[in-house]
Amino acid sequence: MMIERSGLIIWVNDIKAARNLERFGSLHYISKKMNYAVLYIHASKLEETTRSLLKLPYVKKVEKSYRNEIPTEYSSDVPDKTRFYTL
């Protein structure tokens with residue numbers, strides 16, 4: 001059984017303090033150059049965790065990641081041209 005997860009993009013002031021975000025969920029990535037972190041949490045705790053994160057002094061902004069809403073199954077509507085060139 002797969003647990004549904006949601007991603008959060010957390011903009012921070014301090015990268016060293018961003019390591020403490022692990023206690024809220026699964027910390028996936030921290031960007032030192034752009035000062036943000038990617039955190040995955042349970043979808044049922046999204047609102048509660050967002051409110052808790054905004055109260056932290058080193059957090060500027062919290063955004064929801066739309067990665068799970070992007071379609072990942074692609075279809076090719078272009079016909080295969082290699083079949084037409086057979087001798």
Side-chain angles (χ1 to χ4, degrees):
M1 184 169 124
M2 295 288 291
I3 298 172
E4 189 172 338
R5 299 188 312 164
S6 293
L8 292 176
I9 311 298
I10 304 162
W11 298 92
V12 294
N13 293 326
D14 186 17
I15 294 297
K16 288 185 180 181
R19 293 184 197 146
N20 293 329
L21 296 173
E22 277 188 336
R23 63 187 175 137
F24 292 100
S26 177
L27 188 59
H28 181 70
Y29 179 73
I30 297 177
S31 171
K32 294 178 182 177
K33 185 176 181 180
M34 295 182 64
N35 292 337
Y36 74 90
V38 179
L39 182 73
Y40 286 102
I41 58 171
H42 294 293
S44 60
K45 298 181 181 180
L46 181 67
E47 294 297 322
E48 175 187 334
T49 307
T50 304
R51 276 187 261 117
S52 301
L53 288 169
L54 287 171
K55 291 179 184 177
L56 297 174
Y58 54 89
V59 173
K60 284 193 246 182
K61 182 170 62 168
V62 177
E63 297 176 357
K64 183 179 182 252
S65 173
Y66 295 104
R67 181 177 175 137
N68 58 349
E69 296 174 12
I70 297 173
T72 56
E73 296 178 9
Y74 304 104
S75 65
S76 177
D77 294 336
V78 180
D80 188 15
K81 293 182 180 180
T82 58
R83 293 188 299 167
F84 299 114
Y85 296 115
T86 58
L87 296 175

Review point. Does any pair with a residue in residues 3-23 pass ring-ring contact (aromatic ring centres under 6.0 Å, His included), and if so which ones, sequence neighbours excluded?
Key: Trp11-Tyr36
Study note, to complete from the structure: Contacts of Glu63 meeting salt bridge (charged side-chain N to carboxylate O under 4.0 Å, His left out) (sequence neighbours excluded), chain-then-number -> Lys61
Revision key, fill the gap. When rounded to the nearest 0.5 Å, the distance separating CZ of Arg5 from NE2 of His42 is 9.0 Å
**Study point:** Rounded distance [0.5 Å steps], OG in Ser31 versus NZ in Lys33
**Key:** 8.5 Å
Study note, to complete from the structure: Between the CD1 atom in Ile9 and the OH atom in Tyr29, the distance rounded to the nearest 0.5 Å is 11.0 Å
Check your understanding: Under a single-linkage definition using a 4.5 Å side-chain heavy-atom cutoff for Ile, Leu, Val, Met, Phe, Trp and Tyr, are Ile15 and Met34 assigned to the same hydrophobic cluster?
Key -> no
Practice item. Please round to the nearest 0.5 Å and tell me the distance separating atom CG of Leu8 and atom CD1 of Ile41. Key: 4.5 Å
Study note, to complete from the structure: Closest non-hydrogen contact found for Leu27 with Ala18 is CD2-O, 4.0 Å
Practice item. Name all residues meeting the side-chain hydrogen bond (donor to acceptor under 3.5 Å, both in side chains) criterion together with Lys60; count only those two or more places apart in sequence or in a different chain, and write none if there are none. Key: none
Point to revise | Minimal non-hydrogen separation, Ala37 against Ile30, with atom names | key: CB-CG1, 4.1 Å
Review point. If you measure from OG on Ser26 to CG on Leu21, what distance do you get to the nearest 0.5 Å?
Key: 11.5 Å
Practice item. Report the residues that fulfil ring pair (Phe, Tyr, Trp, His ring centres under 6.0 Å) with Tyr40, sequence neighbours left out, ordered by chain and then residue number. Key: His28
Listed pairs under 3.5 Å, donor-acceptor, residues 46-59 side chains, sequence neighbours left out:
from, atom 1, to, atom 2, distance (Å)
Thr49, OG1, Lys45, O, 2.7
Thr50, OG1, Leu46, O, 2.7
Ser52, OG, Glu48, O, 3.1
Tyr58, OH, Ala17, O, 3.4

